[in-house]
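Residues take their numbers from the sequence shown, with the count starting at 1.
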Amino acid sequence: MLSIGTGCNVKDNDRMKASQSSRDITDTSSVASMSPIKPMGSKPVKNPNKPDEHQKSGRIWDKFRAGRFTPDSVGPEHNGRYVRISPELNIITPKLDDIQRLDEVRREAGEVLEQNTSQVREVAHRLVASTFFFEEDLGSMKQTTSGYTCKGSIFCRFRNSSNEMKALGGFLRLSLKGNFEPYFLVEDDIPGSAAQKVTLTETMIRGMYQRGYLDINPIRINGLKEYTVIKILLCLQATPYACGDTGLPISGFPRQLMSEDGYNAIYPSGPTYIIR
């Protein structure tokens with residue numbers, strides 16, 4: 001989930017911090033002596049763009065994230081599921097109804113975000129990874145002599161032949177650099193076993209952006225224990241992201257896949273597709 005804030009004014013934040021620091025180191029008597037005398041009957045001027053409004057939004061977001069985490073959901077894989085971007089602008093943020101300054105805010109926000117392209121790229125790639133999900137074949141979950149196994153396929157939430165599927169293919173096309181092709185990694189808990197690699201070949205990506213079609217062959221996933229945490233990651237670049245990982249989790253992962261009661265545990269009313 002990506003939350004996009006309205007942005008905040010860095011200068012106002014700096015002034016507020018400086019004012020707070022001054023109050024922290026000044027005793028009450030000196031503050032009283034330095035406070036200006038206001039005329040009788042005067043009313044304080046309320047700043048509609050005051051910095052504490054931005055901080056309030058940030059606190060709401062922090063509270064929302066805190067409510068989504070459990071003792072088991074820790075680590076970078078879970079932290080990256082909820083991201084907020086609220087650029088620190090170098091201009092006075094306008095009122096919400098001041099549409100004449102909209103272009104100015106857009107330019108400023110663009111310039112600020114361009115200074116941190118690594119974060120924006122990682123967020124964009126996380127959103128792309130979230131368009132894919134794994135669907136287990138009905139009845140394929142079995143216990144074996146060496147652990148557990150199941151079979152299924154990786155699907156995209158965009159319907160075949162849709163404009164969204166074609167656009168996604170166009171985006172994946174940008175990751176085809178040199179010999180690199182984007183791929184999925186399936187990681188289990190079996191010692192010494194290499195992660196399964198499922199490549200999105202150039203031919204498959206061409207089918208996406210030209211015809212809006214994607215078909216990935218089924219895969220089999222094995223695990224030693226019933227509550228094994230399985231990871232399925234999408235790798236869109238050869239170099240690590242700012243978080244240190246080279247792959248980002250697809251929708252619903254990591255999770256204890258082997259302990260689930262088949263298809264209906266995750267998709268009780270069928271898979272969800274995004275239609276526009």
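A pairwise comparison of heavy atoms in Ile230 and Asn222 identifies CD1-O, 4.3 Å as the closest pair. Heavy atoms only, all atoms of each residue included: Pro182 and Phe180 are closest at N-CE2, 3.8 Å. Heavy atoms only, all atoms of each residue included: Pro254 and Val229 are closest at CB-CG1, 3.6 Å. Shown here for Tyr148 and Lys225, the closest heavy-atom pair between the two residues is CD1-C, 3.6 Å. Scanning all heavy atoms of the two residues, the minimum distance from Leu248 to Ala129 falls at O-CB, 3.9 Å. In terms of heavy atoms, Cys150 sits closest to Leu257 at SG-CD2, 3.6 Å.
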Next item on the list: Output, in order, the C-alpha distance, side-chain angles, deciding distance and verdict of side chain to side chain contact (heavy atoms under 4.5 Å, CB included) for Ser153 and Glu135.
Entry: CA-CA 6 Å; Ser153 301; Glu135 182 177 300; 5.9 Å; no
Item checked: Verdict with reasoning, Ser193 to Asp188, per side chain to side chain donor-acceptor pair (under 3.5 Å) -> CA-CA 8 Å; Ser193 67; Asp188 53 41; 3.1 Å; yes
Next item on the list: Could you check Phe134 against Phe253 for side chain to side chain contact (heavy atoms under 4.5 Å, CB included), going step by step and ending with a plain yes or no?
Entry: CA-CA 9 Å; Phe134 175 80; Phe253 285 85; 3.6 Å; yes
Notebook entry, point to check: Should Met141 and Met258 be marked as a side chain to side chain contact (heavy atoms under 4.5 Å, CB included) after you check the CA-CA gap, both sets of side-chain angles, and the distance that decides it?
Noted result: CA-CA 7 Å; Met141 186 77 68; Met258 302 301 176; 3.5 Å; yes
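Contact check for Leu233 versus Phe184: no side-chain heavy atoms found under the 4.5 Å cut-off. Taking the side chain as every heavy atom from C-beta outward, Arg121 and Gln237 approach each other to under 4.5 Å. Proximity of Leu185 to Thr246: side-chain heavy atoms (C-beta onward) are nowhere separated by under 4.5 Å.
Applying the salt bridge (charged side-chain N to carboxylate O under 4.0 Å, His left out) criterion to Glu122, with sequence neighbours excluded, gives Arg126. Residues passing the side chain to side chain donor-acceptor pair (under 3.5 Å) test with Ser130, sequence neighbours excluded: none. Asn116 is linked by a side chain to side chain donor-acceptor pair (under 3.5 Å) to Ser118, Gln119, counting only residues two or more places apart in sequence or in another chain. With sequence neighbours excluded, no residue satisfies side chain to side chain donor-acceptor pair (under 3.5 Å) with Thr239. Residues satisfying the side chain to side chain contact (heavy atoms under 4.5 Å, CB included) test with Ala167, not counting sequence neighbours, are none. Residues passing the ring-ring contact (aromatic ring centres under 6.0 Å, His included) test with Phe171, sequence neighbours excluded: His125. A search for side chain to side chain contact (heavy atoms under 4.5 Å, CB included) contacts involving Asp97 returns Lys95, not counting sequence neighbours. In terms of the side chain to side chain contact (heavy atoms under 4.5 Å, CB included) criterion, residue partners of Glu104 (sequence neighbours excluded) are, by chain and number, Ile91, Arg101, Arg107.
Shown here is Leu102, whose CG atom has more than 12 heavy atoms of other residues, nucleotides or ligands within 6.0 Å. Heavy-atom neighbours of Tyr227 OH from other residues, nucleotides or ligands within 6.0 Å: at or below the threshold of 12.
Taken to the nearest 0.5 Å, the OG atom of Ser251 stands 10.5 Å off from the CD1 atom of Ile232. To the nearest 0.5 Å, atom NZ of residue Lys151 and atom CG of residue Leu138 are 13.0 Å apart.
Using a cutoff of 4.0 Å between basic side-chain nitrogens and carboxylate oxygens, Arg255 and Glu260 are scored as salt-bridged.
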Show me, pair by pair, the donor-acceptor contacts under 3.5 angstrom made by side chains of residues 196-221, not counting sequence neighbours?
from	atom 1	to	atom 2	distance (Å)
Gln196	NE2	Arg220	O	2.5
Thr201	OG1	Met204	N	3.2
Arg220	NH1	Thr149	OG1	3.0

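Side-chain heavy-atom separations under 4.5 angstrom define the hydrophobic clusters, and the remaining members of the one that includes Ile190 are Leu224.
Counting only residues at least two apart or on different chains, no salt bridge (charged side-chain N to carboxylate O under 4.0 Å, His left out) pair has a member in residues 165-185.
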